[in-house]
Amino acid sequence: MSKSVPSSITKTAPRHARKLAKHDKVLRVIVIGLGVQSQKDHIPAILRRKDLEIVALVDNNDRVLSECNEVIGTKSFQKVRDAVRDTRPDLAIVSVPHDQYFEILEILASNRIATLKEKPFAVTYAEASEIISLYKIHDTYLQVCVQRRFSRLYETTKKLLESIGNVHSVSVEYSLNLNAHDMASGWRANRLVSGGGAALDMGYHSIDLLTYVFGAPDKVYAQLSYNSLGGDYSIDDTMKAMMTYADGKINANVTVTKISNRKSESIRIYGSEGSVLVDGRTVCLYDKDSNEVESHSFNSKQHEVDEQLDQFIDACMQDKGLDTKDQNFIDQLSNMRTIDAIYKSHASGKVMNLR
Ligand SMILES: NC(=O)c1ccc[n+]([C@@H]2O[C@H](COP(=O)([O-])OP(=O)(O)OC[C@H]3O[C@@H](n4cnc5c(N)ncnc54)[C@H](O)[C@@H]3O)[C@@H](O)[C@H]2O)c1
């Protein structure tokens, strides 16, 4: 459960800030789940726009609900169904524990409310397929939050890859420094609620970036560590995976861990003519003699959250339904297939062939 700090909302979205708007129409949005992610990213991004009005806040924790509403000042509800019936929103932004999504999405889809849902797409590939059916039947738009795709950092990374010839090797490391007490607290600790830890919850972003740049993997071999710290948690705290992309021409190793001694995020990509290294918020291009050619730092994450919301609003304004041919959407489904393969590979000790 999040510690409610609604001052974070006011800090990042001052009431008198210049607001963004591409459209004259004002869309009615409900925000479902008012924890860390909504307070840090979604609500401030909504408040930065003129073309959105928050018509309802929904959270099943009364304290969080009333603290947020002191800042926003709108209708509040503990149940999504009541909020939808009472306020008839155009859009919904949903950030809840992973086992809570399906029931909420059923209500939103059946009321034709365009939905921006937090990652992961689902807890399994099978659940993702059911979610697609829901939105398809009701011809309603659905977008999954993967804001790194909208960042200048990864846009630049993708561009720099054009300078390094044929990519042959990729190495990804993503770590948090949580202790046994941290690992045991909140809904993420319980595998039945979160659906998975290092691979599903934390690894989703790393896997999505690989899909974004290289497409779907051909093969996956993975090993997971469960409960390494011996605390009261049942999720995988560390994931190590080896994958191949581009018909085996690119090999990638991915380490995602919640229990390192430091927080870090790095990607190294090696090609026949040079390499590209992303370390934190900086990306560098090296030539084949390892001389640095260029380096770019992007410190603000606000841009990526705004761009993600902008794409969602554009789709809603065009009254788009679910487009299963959209590459971004295909990629999200591919992420779920990859994550399923990671858990299956660990359980069976086998290489999973995704072709
Ligand atoms: N894109 C990112 O970088 C990023 C970062 C962190 C979390 N997330 C995702 O955001 C989602 C939420 O994570 P969080 O860290 O904000 O969690 P959190 O625990 O801080 O917040 C979840 C909120 O949902 C509420 N809630 C639970 N069940 C509900 C229900 N049925 N109806 C309404 N409200 C309900 C809880 O009371 C809580 O306030 C997850 O899907 C997570 O994977 C994404």
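Order of listing sets the numbers, starting from 1, for every ligand and every atom in it.
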Residue-level breakdown please: for [X] versus ligand 1, do any non-hydrogen atoms fall below 4.0 Å on the side chain, on the backbone, on both, or on neither?
{"X": "V146", "value": "neither"}
{"X": "Q37", "value": "both"}
{"X": "E304", "value": "neither"}
{"X": "K79", "value": "neither"}
{"X": "W187", "value": "side chain"}
{"X": "Q78", "value": "neither"}

_Option from D208, D331, D201 for which salt bridge (Lys or Arg N to Asp or Glu O under 4.0 Å) with K119 holds_ = D201
*Please determine which of R28, K75, R81 meets the salt bridge (Lys or Arg N to Asp or Glu O under 4.0 Å) test together with D86.*
K75
*Is any N or O atom of K119, backbone or side chain, closer than 3.5 Å to an N or O atom of ligand 1?*
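Yes, at least one N or O pair falls under 3.5 Å.
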_Considering both backbone and side-chain atoms of I32, is one of its nitrogen or oxygen atoms within less than 3.5 Å of a nitrogen or oxygen in ligand 1?_
no
Best match, [options]: closest heavy atom to [atom]:
{"atom": "atom 23 (C) of ligand 1", "options": "D41, D59, L200, L57", "answer": "D59"}
{"atom": "atom 27 (C) of ligand 1", "options": "A83, C145, P97, G195", "answer": "P97"}
{"atom": "atom 44 (C) of ligand 1", "options": "Q39, R63, H42, E118", "answer": "E118"}
{"atom": "atom 29 (C) of ligand 1", "options": "V305, V64, V193, N60", "answer": "N60"}

Sub-4.0 Å heavy-atom contact, [X] with ligand 1:
{"X": "G186", "answer": "no"}
{"X": "H205", "answer": "yes"}
{"X": "R188", "answer": "yes"}

Strictly by modelled atom types, are [X] and [Y] linked by a side-chain donor-acceptor pair under 3.5 Å?
{"X": "N335", "Y": "T211", "answer": "yes"}
{"X": "Y154", "Y": "Q147", "answer": "no"}
{"X": "S228", "Y": "D237", "answer": "yes"}
{"X": "T257", "Y": "S175", "answer": "no"}

_Working to the nearest 0.5 angstrom, can you tell me the gap between N177 CG and K258 NZ?_
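Nearest 0.5 Å value for the CG-NZ distance: 12.5 Å.
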*asked:* Give the atom numbers and elements of ligand 1 that come within less than 4.0 Å of a heavy atom of Y101.
replied: 11 (C), 40 (C), 41 (O)
